[in-house]
Amino acid sequence: MKQDHRVVRRTAVVLVAGALAAGALAGCSSKNQVPSIGYGVDAVVASYNGGSTLGANSGAAAVFSRVLTGFFYTGPDGQPVADTDTGTAKEVPGDAQTIQYRLAPEGVYSDGVATSCDDLVLTWAARSGRFTKGGPAPLFDAASTDGYRDIERVDCQPGSKDATVVFRPGKRYSAWKTLFNAAEVMPAHVIAAQVKIPSVVTPVQTGDQPTLERIADFWNNGWKLTPGKVDLTLLPSSGPYRIDSFGDKDGLVLVKNEKWWGNQPRTPRIVVWDRHSDLKSKMSDKSIGVLDVGAGSLGDVNLGGFHKENLPGRGVEQLVLSTGGVFGSADARRAFALCVPRQALFDKFGHPGYDVKLGMGAGLLNSRTVQQDSVYYPAISGTGDKYKGGDATATQAAASSGVQNQTVRIGYVKPDERRAATVTAIADACKAAGITVVDAGAPDFTASQLTDGKVDAILGGTAGMPGPSGSLTGTDAIASLRTGAGLNFGRFGNGRYDAIADQLAAEDNSGTVLNLLTEQENLLWSEMPSIPLFAAPRTIGFGDGMENGIASPTEAGAGWNMDRWVLKR
């Protein structure tokens with residue numbers, strides 16, 4: 001990025017300034033730069049397409065933000081930061097909310113094809129929810145439609161560098177800087193070649209249903225990633241790195257994109273080791289130079305030789321509940337929430353190695369969508385206090401709700417020692433209420449197993465994510481509870497929640513916002529589609545000799561600025 005990632009909040013810079021200065025004083029001139037850095041992260045490399053349900057849930061933003069760029073990326077404090085290498089975006093006056101996008105004139109994919117507004121048209125088409133299979137079912141398996149569904153049209157001449165995005169009359173999306181974001185803007189020319197059409201723009205503008213169905217099929221499935229079976233012609237990059245290979249043995253190898261027009265990456269090769277890698281052994285054999293995992297997830301792992309920090313994340317560690325089966329009634333979901341020992345779980349797992357008095361990580365998290373450093377949080381979070389867990393009424397509630405003598409299967413991606421211990425603690429606490437809790441974690445666990453009825457709850461981060469999650473805007477958290485959203489794996493549906501979320505997306509009056517958030521929080525604690533536990537604690541470590549390593553306990557993870565990393569040994 002031309003601004004060289006300097007657009008970060010001063011607090012983040014201050015936090016690392018001492019460490020970076022210490023590294024500079026340590027006689028780096030006598031050390032050699034390491035040409036390849038291993039990046040260990042507990043995301044799951046499953047899809048190139050971060051806008052799809054699979055891509056968003058598995059953590060594509062933590063892996064591909066510097067491979068597939070957007071007009072904005074998620075900064076270390078969770079805020080959207082403009083990426084002027086990709087292009088510029090500005091709101092312009094008008095009766096309807098209008099955003100003008102201009103892609104960089106020199107922008108080109110690693111396969112030599114120019115970036116164009118076709119990419120934005122594809123992103124909008126996939127994320128708008130407008131195109132269906134002839135009924136309510138959407139053609140595109142999008143993670144969410146938030147913001148995009150309020151766009152009336154994207155004006156674009158195929159191949160042009162300019163696009164004008166016009167919202168529907170009376171609609172406004174205040175978080176518009178989260179649209180067309182890093183890891184979500186996919187190469188439209190790849191789909192055009194696969195579907196054998198000149199451009200995706202015309203079928204989108206004309207509503208050509210048969211062609212749109214073929215476009216959607218590739219968007220949904222064509223960018224899934226399987227180790228040892230990647231077709232690099234389908235995976236061109238618009239960022240400083242591109243995919244070189246992906247295998248079980250050698251990890252996901254990212255190399256310098258020779259066609260990148262911005263500041264060149266400081267290290268020519270990054271090897272991503274995801275949750276399916278044996279991260280403990282990779283740490284032992286020193287294959288990893290940057291580590292970003294859930295605190296305690298690796299158990300007793302040696303972090304000698306690392307500058308390590310445990311810190312609360314923007315993601316919500318939570319139980320996402322099914323709304324069918326054993327949890328088919330809100331009574332059953334509330335009864336289970338009463339037996340989940342939330343306070344005890346926070347005390348044991350929620351703040352490892354740190355104690356925060358105010359803001360992020362300070363005590364139980366009593367909201368699914370509002371973060372603890374929000375000015376609104378103290379006023380709206382009281383409802384959750386009745387669900388601290390270990391309540392003597394849990395047994396009675398379980399009996400009256402019909403959840404007593406039932407089995408609750410909790411799924412998560414293994415290995416994860418903290419989450420395994422969390423499930424054990426829940427099982428022990430709920431036994432007294434006559435509820436049997438079963439550990440249904442598995443290495444191949446996916447959030448869709450909740451939708452399919454194979455488990456009754458997911459233990460994970462925001463939207464059930466296995467690794468880095470959350471942002472300052474909270475868009476994924478909001479979408480994960482919206483009726484019909486891809487990230488809504490529990491299939492919760494409530495028209496009033498949807499209406500509140502829509503109104504909040506455009507509301508500026510603080511009094512109105514407070515009233516809406518209070519109503520929303522009361523509704524969610526009553527309906528109990530999920531059980532928030534605490535701000536997800538992250539362990540982020542940078543190897544000794546690392547320069548420009550800045551912790552980001554967000555969906556973008558430590559890799560948010562991997563193109564600036566320099567490791568000297």
Side-chain angles (χ1 to χ4, degrees), residues 47 49-56 70-71 89 94-103 113-173 176 178-181 184-223 234 479 482-488 498 502 505:
S47 175
N49 181 0
S52 68
T53 298
L54 177 63
F71 285 90
D95 293 335
Q97 185 179 18
T98 303
I99 318 293
Q100 286 186 346
Y101 292 89
R102 173 160 291 178
L103 288 151
V113 176
T115 59
S116 70
C117 62
D118 301 38
D119 303 330
L120 276 66
V121 170
L122 172 65
T123 303
W124 167 67
R127 302 290 296 274
S128 66
R130 174 175 300 196
F131 302 103
T132 69
K133 297 175 182 176
L139 276 179
F140 294 86
D141 184 17
S144 89
T145 60
D146 283 7
Y148 292 101
R149 70 175 165 273
D150 294 330
I151 294 173
E152 179 67 36
R153 67 183 190 275
V154 178
D155 293 335
C156 160
Q157 292 296 321
S160 170
K161 292 285 187 178
D162 295 305
T164 301
V165 169
V166 181
F167 283 74
R168 298 176 190 270
K171 291 290 185 178
R172 183 172 177 274
Y173 191 57
W176 64 268
T178 63
L179 305 177
F180 306 107
N181 214 325
E184 297 178 1
V185 179
M186 304 305 296
H189 69 277
V190 170
I191 287 189
Q194 292 297 305
V195 178
K196 296 181 172 54
I197 53 176
S199 163
V200 302
V201 175
T202 301
V204 169
Q205 290 178 342
T206 61
D208 179 347
Q209 183 73 10
T211 304
L212 284 168
E213 288 179 6
R214 287 154 53 213
I215 290 172
D217 182 62
F218 187 91
W219 193 90
N220 294 338
N221 303 301
W223 282 308
L234 304 179
R482 184 184 287 281
T483 305
L487 291 176
N488 184 353
D498 297 346
D502 282 343

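Just so you know, these numbers use all the heavy atoms, side chains as well, and skip hydrogens, waters and symmetry mates.
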Check: [Y] and [X] side chains under 4.5 Å, non-hydrogen atoms:
X      : Y      : answer
Leu120 : Cys156 : no
Ile215 : Pro203 : yes
Tyr148 : Thr123 : yes
Arg130 : Ile151 : no
Val200 : Val195 : no

Supply the atom-to-atom distance [X] [atom1] to [Y] [atom2], rounded to the nearest 0.5 angstrom.
X      : Y      : atom1 : atom2 : answer
Trp124 : Cys117 : CH2   : SG    : 12.5 Å
Thr211 : Ile197 : OG1   : CD1   : 6.0 Å
Glu213 : Phe131 : CD    : CZ    : 12.0 Å
Leu179 : Arg127 : CG    : CZ    : 8.0 Å
Phe140 : Leu212 : CZ    : CG    : 6.0 Å
Leu234 : Ile191 : CG    : CD1   : 10.0 Å

Looking at every non-hydrogen atom in both residues, tell me the closest pair between [X] and [Y] and how far apart they are.
X      : Y      : result
Thr98  : Ala96  : OG1-O, 3.0 Å
Val204 : Ala125 : CG2-CB, 3.8 Å
Ala485 : Ala479 : CB-O, 3.1 Å

In a table with atom names and distances, give each donor-acceptor pair under 3.5 Å that connects a side chain of residues 163-172 to protein atoms at least two apart or in another chain.
from, atom 1, to, atom 2, distance (Å)
Arg168, NE, Arg149, O, 3.0
Arg168, NH2, Arg149, O, 3.3

- Query: Got more than 12 heavy atoms from elsewhere within 6.0 Å of CD, Gln157?
  - Reply: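 Counting other residues, nucleotides and ligands, CD of Gln157 stays at 12 neighbours or fewer.
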- Flag if over 12 foreign heavy atoms under 6.0 Å of CZ, Arg214: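 Check passes, neighbour count above 12.
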- Task: State whether a side-chain donor-acceptor pair under 3.5 Å links Ser116 with Asp118.
- Result: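 The answer is yes; a qualifying pair exists.
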- Item | Test side-chain contact (heavy atoms from CB on, under 4.5 Å) applied to Ser52 - qualifying residues, sequence neighbours left out |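 For Ser52, the residues satisfying side-chain contact (heavy atoms from CB on, under 4.5 Å) (neighbours in sequence not counted) are Ser47, Asn49, Leu54, Trp219.
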Are the side chain of [X] and the backbone N or O of [Y] linked by a donor-acceptor pair below 3.5 Å?
X      : Y      : answer
Asp119 : Ala188 : yes
Asp162 : Gln100 : no
Asp150 : Tyr173 : no

- Query: Going through the distances and angles, do Arg482 and Asp502 end up as a side chain to side chain contact (heavy atoms under 4.5 Å, CB included)?
  - Reply: CA-CA 10 Å; Arg482 184 184 287 281; Asp502 282 343; 3.2 Å; yes
- Item | Set of ring-ring contact (aromatic ring centres under 6.0 Å, His included) partners for Phe218, sequence neighbours left out |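 In terms of ring-ring contact (aromatic ring centres under 6.0 Å, His included), with neighbours along the sequence ignored, Phe218 is linked to Trp223.
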